[in-house]
Each structure stands twice: as structure tokens, then as C-alpha cells.
Asker: 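Here's a structure for you.
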Amino acid sequence: MTSFSANSPERTNAPRLVVFLVYPDIVLLDLVGPLQVFSHALELATDKNGYACAVVSSTGEMVRTNTVVPIPSEPVARYQDQQINTLVVVGGDGANHAMLDADFLQEVKLLAANADRICSVCSGALILAAAGLLEGRRAVTHWEDCKMLAETFPGVRVEVDPIYINDGHIWTSAGITAGMDLALAIVSEDLGRQAALKVARSMVTHMVRSGGQSQFSPVLDRQLLDTAGRFEELHHWLADNLQCDLRVDAMAERVNMSARNFSRLYSKQMGLTPAKAVEAMRTEKARDLLETTDISIKRIATQCGFNDEERMRRAFLRLLGVAPSDYRQGFKTQ
């Protein structure tokens, strides 16, 4: 396989070809999310250094999705002899059938042989694994499919937590919207971080997330535990006031309960004490600042309500198993 670096001279005078491989019963957002990122990058590019995108399938016909919207495609044979910058295999319930289709897997292999970069979104990782492209590599997929990927393909080093993983020229991502994070990371690698930020801003995406971030959302986890929304307003208030003195009495007063009754009900509903919940939220905020800013660790500790670096360090070691300085070194996105 011919290989080019992201900024090699051979690729500077023409758009990079991105080929999306689809099949019946894909998840629509697995395709259109990253497709929109690459299309935006082309629209915002000041030269011809953007992307040219193609959607291909075995038949080259309309492809059924998991919504009422079918997707037009070109025949895969049209691209099997072309040099591809990025091949993206999308995910969906149809992956369970596609991964068993020998003819389809052969098409995957032929496209991959001419691709500088090979990617999957969501359960598309099952197809890459079935084609033998993930053997011995780190990979991730939607958390619901991680067990299946690990058990069906024991040679793949499956990781459950990351939103995407880059192992050499192979990229895999978690489910649905994580495909957009993967695409933004590729834009950053090819065109520079400022280009990726420009695309994210145009698409009203809040931030360019690093692959090491978790596909599990602490905010969503809290909402799932608090299904009736009993503590929703409290959680919003806490998030906006992490630098304050957030003792149980202050939180209890916020929800018009006695401290004892609040502590009992909160612990029962959320599965942890109010104090532990505040510590977790402060750690979440500190992680975000460590990943996306150059603010000093001392200042972050103050802003997040830890008051001193040592207290924040102990919280990080307890909850994440890593010190703040090491966390920044591993996951900073700038």
C-alpha cells in the first residue's frame, strides 16, 4: 500500500479522496456526521487542500438506513483501483450481516489495500475486524458492541472507554456522534488544528474532543440515575458554582430539605454521597480545563473548588488513577 503523510507534497495540489462504504441498515448519523465534517472542511478550505467525498456500496444503488431516508451510492468497483486518502466503514445493525458476507469483505479488503487511512464508525469496527484489518490492534466501537467485538475477534485489543482510537493508519470510533469527533481529529491531522476548530465552530460543535475522552457521559449518567429529574436543577447549580463551599447543608437548602433527609435521598437515588458527587463534578470540570486550556494546574484547582493542587491531585488519583499533570500530558487537545 502506498503511504503518504498528512502533509506530503504529493497530496497538496488535489482534494483528499474520502470514501464512505455503506450497506443496508446503516445508522444514518454514522454516515452523515463525518461526511458533513469533511464536506465542511472542503467548503472552508482556502485552497484545494480539502476533501472530495464519495459514498459507495456493493450495488451502487439506494441503500436502506435505520431511518425513513435512504442513501444514494456509487458502485464500489468504481473506486477499487483509485488511491484513497481515507476509507470510512460506517456502522449500523446491518454490520452483523455484512461481517459474514465474504464478497462484501473482499470489497473492503480491496478498498483498504489502496487507502492511506482506514476508519470505522460505531459497529463498522466489526466489519474491519472480520476483514482481518484490526488483528493485533487497539480498537473501540459503540459500548453496546464492545463485548461482541472482543469475543468474536480475540486478536483485537478492544478498549471500551475511548471515543476514538488511532492505531497506526487504522482509526476506530465509538458510536454515532463519535464519528464526528474522529473526522475532526483527521481534519486536524491533515489540515491543522485551526482548520478543525474552524469546522467545529461552523457546525456549532462545542469542542474538538481528544480520542482519550470517554464515550460515557457523566452528565448523561446522572440523568439516567435521576430519571424523574428530582436533582436536575441542583446539578445545574452545582456545575455553575463548583468554586463555592458546597457542603451538604448548602445543597440541602437548595432543594428545600433537611441535611439529613437530603443526604439519605440523594445517596439512594444517585448511588453516591453528595460530597462524592461534588468531587466527581469538580474532577470532570478540571479534566475539561486540562484538556482544552493552558491554565495552570494551581489555577484550575482553585476554579474547580479544590482550593489547592494536592487536594485535586488526590481526587484525580482516586477517580482516574492518574495525576493532573500526567492527565494533561496524555489528553491535551491543543
Asker: Minimum heavy-atom separation for Tyr23 to Gly92, with atom names?
Answerer: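 Where Tyr23 meets Gly92 most closely, the heavy atoms are OH-N, 3.6 Å.
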Asker: Taking it one step at a time, do Gln82 and Asn114 satisfy side-chain contact (heavy atoms from CB on, under 4.5 Å)?
Answerer: CA-CA 7 Å; Gln82 292 196 39; Asn114 291 321; over 6 Å; no
Asker: What do the steps show when you test Tyr327 against Thr283 for side-chain contact (heavy atoms from CB on, under 4.5 Å), and what is the final call?
Answerer: CA-CA 11 Å; Tyr327 185 88; Thr283 303; over 6 Å; no
Asker: Within the 3.5 Å criterion, strictly below it, is a donor on Tyr51 or Asp190 matched to an acceptor on the partner's side chain?
Answerer: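 Side chains of Tyr51 and Asp190: pair found under 3.5 Å.
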Asker: For the pair Ser173 (side chain) and Ile163 (backbone), establish whether a donor and an acceptor sit closer than 3.5 Å, ignoring hydrogens and angles.
Answerer: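 No; judged by distance alone, with no hydrogens or angles, the pair does not exist.
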Asker: If hydrophobic clusters are built by linking Ile, Leu, Val, Met, Phe, Trp and Tyr wherever their side-chain heavy atoms come under 4.5 Å apart, do Ile295 and Ile297 end up in the same one?
Answerer: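 Yes: a chain of side-chain contacts under 4.5 Å links Ile295 to Ile297.
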Asker: Go through it in stages, so that I can follow the logic: the residues are Arg287 and Phe316, the test is side-chain contact (heavy atoms from CB on, under 4.5 Å), and I'd like the CA-CA distance, side-chain angles, deciding distance and then a yes or no.
Answerer: CA-CA 9 Å; Arg287 287 173 65 176; Phe316 265 65; 3.9 Å; yes
Asker: Between Arg247 and Asp249, does any NZ, NE, NH1 or NH2 come within less than 4.0 Å of an OD or OE carboxylate oxygen?
Answerer: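 No salt bridge links Asp249 with Arg247.
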Asker: Using salt bridge (Lys or Arg N to Asp or Glu O under 4.0 Å) as the criterion, list what pairs up with Glu279, not counting sequence neighbours.
Answerer: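 Checked Glu279 against salt bridge (Lys or Arg N to Asp or Glu O under 4.0 Å); matches are Arg318.
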Asker: With no hydrogens and no angle check, is any side-chain donor or acceptor of Asp93 less than 3.5 Å from a backbone partner on Asp25?
Answerer: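 Side chain of Asp93 to backbone of Asp25, a donor-acceptor pair under 3.5 Å: no, none is there.
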Asker: In the structure I gave you, are the side-chain heavy atoms of Thr141 and Thr172 within less than 4.5 Å of one another anywhere?
Answerer: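 Answer no - side chains too far apart.
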Asker: Please assess Val255 against Tyr266 for the test side-chain contact (heavy atoms from CB on, under 4.5 Å), listing each intermediate value before the final yes or no.
Answerer: CA-CA 11 Å; Val255 294; Tyr266 188 93; over 6 Å; no
Asker: What I'd like to find out is whether the side chain of Leu182 reaches to under 4.5 Å of the side chain of Pro34, using heavy atoms alone.
Answerer: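 Sidechains of Pro34 and Leu182: no contact.
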Asker: If you measure from the Lys or Arg side-chain nitrogens to the Asp or Glu carboxylate oxygens, is any gap between Arg313 and Glu310 under 4.0 Å?
Answerer: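 Glu310 and Arg313: salt-bridged.
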Asker: Ignoring hydrogens and angles, tell me if any N or O in the side chain of Asp226 forms a donor-acceptor pair with the backbone of Arg222 under 3.5 Å.
Answerer: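 Checked: no pair found.
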